[in-house]
Amino acid sequence: MNTLDDTFKQPPNQPANPSQQSHCKTLLLTGATSGIGEALCNQYLSMGWNVIACGRNPEKLSLLVCNNNVTAIQVDLTEELQVTEAFSSLPQLDLVILNAGNCEYINDAQHFDGQLFARVINTNLISVGYCLQALLPKIVAGGQLALVGSSASILPFSRAQAYGASKAGIAYLASSLAIDLKKHNIDVSLIRPGFVKTPLTDKNDFKMPMCISSEEASDFIVNGLNKRQFDIHFPKKFTLILKSIALLPESFWHWFSARTLQK
Ligand SMILES: NC(=O)c1ccc[n+]([C@@H]2O[C@H](COP(=O)([O-])OP(=O)(O)OC[C@H]3O[C@@H](n4cnc5c(N)ncnc54)[C@H](OP(=O)(O)O)[C@@H]3O)[C@@H](O)[C@H]2O)c1
């Protein structure tokens, strides 16, 4: 069994258990300690992958390293120095899923909370830049990069100015990276979930239509990544409704969006 301390003591570029792992594929996953990330971690482990699991919660990370195919990294992704140091001695990676994120709503748009806005943009977008800086050089040719956005970037919702702006940024970032990484033989995917029951959405004070479990979300993601799809959005019934409404005149979707995510 690897303890969290053992993990930190591993020599650079060595997998957690070399005898088992030399021919396995390696995933680096942020936000592996909860919700969608935890489900993804379990699913990739069950498929025989090595998982480099990142998060901040030490108790959750200690549990993850009970699996010999997990290497845990404790890192606050909003701190550039921590990210650079934590990822400096990693082996080559077949797949990177940047999933960590948080959601806070702006309850009073007229009295806009700039600190809240900065917090959400830092966690959901700026941290991704730090990760890309450290991790892109480690992705093998033929490898994959996936950014977890949100269906909130398909259509603007009430109170979601900070969260939606961060996820719209992720959507643009993924689209633009897909163009430039093609020549390096790295496929990029944008993952846009609808509502998924996790600690993040347990805080929501409104109805969440077509909400799915994190295991279902993980299935959709793994399936889309296996097919190397760019836009992995789910559940389809929900996201296709949003995509259709987004095509309608602005006045209609303003009316629709004003009625969503209200307390
Ligand atoms: N749930 C949904 O309905 C839904 C819908 C659309 C998109 N998403 C997106 O899916 C992703 C995962 O969400 P979730 O619902 O699974 O949320 P969650 O259960 O709250 O998990 C969030 C994960 O992100 C990590 N994290 C947050 N801030 C971090 C930081 N500064 N440094 C390092 N790690 C950090 C957390 O790590 P620690 O707990 O260890 O700190 C945790 O592992 C997010 O990007 C979210 O925006 C979720």
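Ligands are counted one by one from 1 in listed order, and the atoms in each one are counted from 1 as well.
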Has [X] got a side-chain atom pairing as donor or acceptor with [Y]'s backbone, closer than 3.5 angstrom?
X: T30; Y: A100; answer: yes
X: S62; Y: P58; answer: yes
X: N124; Y: N102; answer: yes

Could you pull out, from [options], the option with a heavy atom nearest to [atom]?
atom: atom 22 (C) of ligand 1; options: G35, S153, G101; value: G101
atom: atom 1 (N) of ligand 1; options: D76, V196, I73, N124; value: V196
atom: atom 44 (C) of ligand 1; options: I212, V148, N99; value: N99
atom: atom 4 (C) of ligand 1; options: P199, A86, S150, G194; value: G194

Short N or O distance, [X] and ligand 1, threshold 3.5 Å exclusive:
X: I36; value: yes
X: N102; value: no
X: G31; value: yes
X: L77; value: yes

How does [X] reach ligand 1, by side chain, by backbone, by both or by neither, if only non-hydrogen atoms under 4.0 Å count?
X: K60; result: neither
X: T198; result: side chain
X: V75; result: backbone

Using a strict 4.0 Å cut-off to heavy atoms of [X], name the atoms of ligand 1 that fall inside it.
X: T33; answer: 36 (C), 37 (O), 38 (P), 39 (O), 40 (O), 42 (C), 43 (O)
X: S34; answer: 16 (O), 18 (P), 19 (O), 21 (O), 42 (C), 43 (O)
X: Y163; answer: 6 (C), 7 (C), 8 (N), 9 (C), 46 (C), 47 (O)
X: T123; answer: 28 (N)
X: T78; answer: 31 (N)

TODO: Following the transitive rule for hydrophobic clusters with a side-chain heavy-atom cut-off under 4.5 Å over Ile, Leu, Val, Met, Phe, Trp and Tyr, establish whether V148 and I212 coincide in one cluster.
DONE: yes
Task: L63 reachable from W49 in the ILVMFWY side-chain graph, under 4.5 Å edges - done: no
Task: Closest protein heavy atom to atom 34 (N) of ligand 1, given as residue, atom name and distance to 0.1 Å - done: A100 CB, 3.9 Å
Open item on the list: Would you say that I154 contacts F238 through its side chain, given a criterion of any heavy-atom pair below 4.5 Å between the two side chains?
Closed with: no
Task: Side chain proximity check, F230 to S175, heavy atoms < 4.5 angstrom - done: yes
Task: Of N122, D76, L77, the residue whose pairing with S127 passes side chain to side chain contact (heavy atoms under 4.5 Å, CB included) - done: L77
Task: Nearest-0.5 Å distance, CD of residue Q133 to OG1 of residue T84 - done: 5.5 Å
Task: Chi angles and distances behind the ring pair (Phe, Tyr, Trp, His ring centres under 6.0 Å) call for F206, F157 - done: CA-CA 12 Å; F206 52 85; F157 290 114; 8.9 Å; no
